[in-house]
Every structure is written in structure tokens, then in C-alpha cells.
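Below is one structure, written out as C-alpha cells; comments come after it.
We count ligands from 1, going down the list as the structure has it; atoms in each ligand are counted the same way.
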Amino acid sequence: MAKLISEDIGKFYHHYPRVAVVVTAQAGGKENAMAAAWHMPISFSPPLYAVSVSTKRFTYQLIADSKQFGVNFLPFESAELVASVGGSQGQDVDKFQEFNIARDKSARTAVPILKAAYAAYECRLVDDVGYGDHRLLVGEIEAIHWLKEDFTPEGTLDLAKVSPILYVGNELYLTGARDSVRRLDREVYGKH
Ligand SMILES: Cc1cc2nc3c(=O)[nH]c(=O)nc-3n(C[C@H](O)[C@H](O)[C@H](O)COP(=O)(O)O)c2cc1C
């Protein structure tokens with residue numbers, strides 16, 4: 001069947017699934033958490049990580065005030081937590097209390113780190129740039145919390161132990177099927 005070509009773009013979701021994370025922040029004695037699917041690493045040296053956040057989010061205000069944010073990577077068992085913090089507003093509710101979210105102590109910033117996370121980045125804001133209806137928040141990673149047993153000796157997520165949360169859009173979540181993993185060595189496949 002021929003592909004459709006849309007030129008009237010509107011909202012677009014064709015790039016999903018994406019890993020869903022929980023972005024955390026605090027300022028002025030308030031702590032908060034929100035779901036985020038628009039996030040990415042952008043540099044190893046210095047270690048930079050970016051999240052695209054709407055200024056409508058309470059989390060944005062806290063990050064703008066404190067110049068810090070956390071990025072928490074959770075196992076699929078915590079997908080409901082992602083939906084909970086992604087469906088509520090920190091302006092109206094203390095999400096940590098409401099959803100009984102357990103924390104670990106942060107190391108280099110004051111951002112909340114989620115106990116349920118298999119990995120989390122503590123970031124110091126180095127750039128805050130507006131693009132359309134969102135702002136791209138770039139943070140330098142100052143500390144990484146990670147569960148050694150959930151990663152292989154090479155540093156990749158051990159999929160025999162952890163299932164990541166993938167967000168498909170339209171409130172749908174899935175995780176990877178372990179038996180679908182294939183190792184495709186770029187050195188072998190890139191040969192010509
Ligand atoms: C799976 C999922 C992914 C989301 N991704 C983003 C995102 O990348 N950026 C964003 O600004 N909002 C995103 N949201 C929406 C916020 O999480 C949501 O508006 C939340 O209620 C904001 O909370 P806050 O006002 O307490 O900061 C996402 C929501 C869900 C459920």
C-alpha cells in the first residue's frame with residue numbers, strides 16, 4: 001500500500017516508542033516528579049543530557065529556579081508510577097506523598113532520586129533554550145546512581161534482569177521481549 005504523505009503536520013507521534021523516564025526537581029522546599037519521553041544524551045565529554053519540557057509543567061518552574069534536575073530510569077514494574085506522575089500536577093499535589101514514592105539520597109545536587117530507579121542522573125542545568133512550545137533543558141551530569149547488578153560488565157543494561165519502560169503514545173506502554181535481542185556488530189555489518 002502506498003505511504004500517506006502529510007504536509008499539514010499538527011501533532012505527530014510517528015517516532016514512538018521512546019523510553020519513558022521520570023524527571024525530578026526541587027526548589028523552595030518543594031519537590032516534584034513528572035513523566036518524560038522527550039529526552040536524550042547529547043555529549044560524553046562533558047557528560048550532557050537533555051530533556052524537552054513544556055513551560056506549563058510545574059517541574060519546569062522548579063528546574064528554572066534551582067538550575068538542577070534528575071532523570072530517573074525505571075523498570076517496567078514501575079510503569080504505573082510513570083503514568084501517575086505524568087497524569088498529575090505538582091502545583092496541586094505533593095506527588096511524593098500521594099504516590100508514596102521512595103527516595104535515595106542525592107549526591108551532588110538536591111534533586112530527588114527515586115529508589116525504584118535502576119539508574120538516575122543528577123544534572124546541573126547548563127542551558128535552557130526555547131523551541132516552539134517546549135524548552136530544551138540541557139544538564140551536565142554530576143552524579144550517576146546505578147545498580148551494578150542490572151548492567152553487564154560492558155556497561156549496557158542487562159535485559160535478563162531489567163525490562164525498560166517504552167512509551168508508545170496514547171497511554172500505551174510496552175517493554176522489550178528478551179528473546180528479540182540481536183547483537184549486530186557495527187564493525188561486521190559496516191564492512192563493504
Ligand atoms: C509517558 C509520558 C511522557 C511524557 N513526556 C513529556 C515530556 O517529554 N515533556 C513534557 O513536557 N511533558 C511530558 N509529559 C507530560 C507531563 O509528565 C505531565 O504534564 C505532568 O503532569 C507534568 O507534571 P508537573 O506539572 O507536576 O510538572 C509526559 C507524560 C507522559 C504520561
Side-chain angles (χ1 to χ4, degrees), residues 9-42 48-103 106 109-141 157 162-176:
I9 305 301
K11 286 197 170 176
F12 55 99
Y13 298 102
H14 307 82
H15 47 282
Y16 287 82
R18 299 185 56 80
V19 170
V21 299
V22 172
V23 171
T24 47
Q26 62 71 44
K30 286 201 164 183
E31 293 186 319
N32 196 40
M34 65 167 256
W38 297 2
H39 57 94
M40 65 183 288
I42 49 179
L48 300 177
Y49 206 86
V51 191
S52 182
V53 177
S54 163
T55 51
K56 291 183 193 151
R57 316 295 181 227
F58 184 58
T59 307
Y60 175 73
Q61 292 174 30
L62 298 182
I63 297 172
D65 286 355
S66 65
K67 310 274 184 269
Q68 301 175 350
F69 63 90
V71 184
N72 297 265
F73 301 89
L74 298 159
F76 195 65
E77 294 72 34
S78 299
E80 287 172 2
L81 178 61
V82 172
S84 302
V85 299
S88 52
Q89 286 71 43
Q91 193 93 52
D92 311 327
V93 67
D94 176 344
K95 299 189 199 182
F96 283 90
Q97 212 176 349
E98 182 72 19
F99 304 119
N100 204 10
I101 305 173
R103 267 161 292 200
S106 51
T109 64
V111 297
I113 297 299
L114 305 195
K115 205 174 256 313
Y118 57 81
Y121 297 156
E122 287 184 45
C123 300
R124 198 165 295 280
L125 189 70
V126 294
D127 216 355
D128 174 352
V129 188
Y131 286 103
D133 50 20
H134 277 58
R135 294 192 72 85
L136 189 67
L137 307 180
V138 179
E140 178 156 354
I141 302 172
L157 193 62
V162 190
S163 305
I165 306 175
L166 300 175
Y167 183 59
V168 191
N170 204 20
E171 317 306 335
L172 298 173
Y173 296 80
L174 66 85
T175 192

- Within reach of ligand 1, part of N32 (heavy-atom separation under 4.0 Å): side chain
- Query: Any non-hydrogen atom of E171 lying under 4.0 Å from ligand 1?
  - Reply: no
- Item | Shortest reach to atom 1 (C) of ligand 1 by a heavy atom, considering only W38, Y173, Y16, F58 | Y173
- Should you measure from each heavy atom of V53, which atoms of ligand 1 turn up under 4.0 Å away? 11 (O)
- protein heavy-atom neighbour closest to atom 3 (C) of ligand 1 works out as A37 N, 3.7 Å
- Query: Considering only heavy atoms of K95, which atoms of ligand 1 have at least one such atom less than 4.0 Å away?
  - Reply: 23 (O), 24 (P), 26 (O)
- Query: Which residue owns the protein heavy atom closest to atom 18 (C) of ligand 1, what's the atom, and how far is it?
  - Reply: G86 O, 3.4 Å
- So, the side chain of S52 versus the backbone of L136: is there a donor-acceptor pair under 3.5 Å, distance only? no
- Note on the structure: So for Q91 against ligand 1, with non-hydrogen atoms under 4.0 Å, the contacting part is neither
- Any idea how Y121 and Y49 line up, ring-wise: parallel (<30°), tilted (30 to 60°), or perpendicular (>60°)? perpendicular
- Message: Within the supplied structure, the quantity of interest is the number of heavy atoms (other residues, nucleotides, ligands) at a distance under 6.0 Å from D92 CG; does it exceed 12?
- Response: yes
- Describe, in one word, how the ring planes of Y16 and Y167 are oriented to each other, choosing from parallel (under 30°), tilted (30 to 60°) and perpendicular (over 60°). perpendicular
- When every non-hydrogen atom of P112 is compared with those of R103, the smallest separation belongs to CB-CD, 3.9 Å
- Please report which non-hydrogen protein atom sits nearest to atom 27 (O) of ligand 1, along with the residue it belongs to and the distance in Å to one decimal place. T59 OG1, 2.5 Å
- Message: Using a 4.0 Å cut-off to any heavy atom of V85, which atoms of ligand 1 qualify?
- Response: 20 (C), 21 (O)
- Quick one: does G90 get an N or O within less than 3.5 Å of an N or O on ligand 1? yes
- For the pair S66 (side chain) and Q26 (backbone), establish whether a donor and an acceptor sit closer than 3.5 Å, ignoring hydrogens and angles. yes
- Heavy atom of H39 under 4.0 Å from ligand 1? no
- Counting only N and O atoms by type, is there a donor-acceptor contact under 3.5 Å from the side chain of R18 to the main-chain atoms of H39? yes
- Check whether any heavy atom of Y60 sits under 4.0 Å from an atom of ligand 1. no
- Side chain proximity check, V51 to I63, heavy atoms < 4.5 angstrom: no
- Item | Best match, Q89, R135, Q61, R57: closest heavy atom to atom 11 (O) of ligand 1 | R57
- S88 touching ligand 1 at heavy-atom level, < 4.0 angstrom: yes
- Query: Can you tell me how far CG of D65 sits from OH of Y60, rounded to the nearest 0.5 angstrom?
  - Reply: 9.5 Å
- Message: Using a 3.5 Å distance criterion without hydrogens, assess whether the side chain of Q91 forms a donor-acceptor pair with backbone atoms of F58.
- Response: no
- Under 4.0 Å from a heavy atom of Y167: give me the atoms of ligand 1 that qualify, with their elements. 1 (C)
- Item | Those atoms of ligand 1 less than 4.0 Å from some heavy atom in S52 | 7 (C), 8 (O), 9 (N), 10 (C), 11 (O)
- Taking both backbone and side-chain atoms of K56, is any N or O found less than 3.5 Å from an N or O belonging to ligand 1? no
- So, for L166 and G176, which heavy atoms are closest and what is the spacing to 0.1 Å? CD1-N, 4.4 Å
- Note on the structure: atom 14 (N) of ligand 1 sits nearest the protein heavy atom A35 O, 3.4 Å
- Message: Is L62 close enough to touch ligand 1? Criterion: a residue heavy atom under 4.0 Å from a ligand atom.
- Response: no
- Query: Can any side-chain N or O of D127 pair as donor or acceptor with the backbone N or O of V138 at less than 3.5 Å?
  - Reply: no
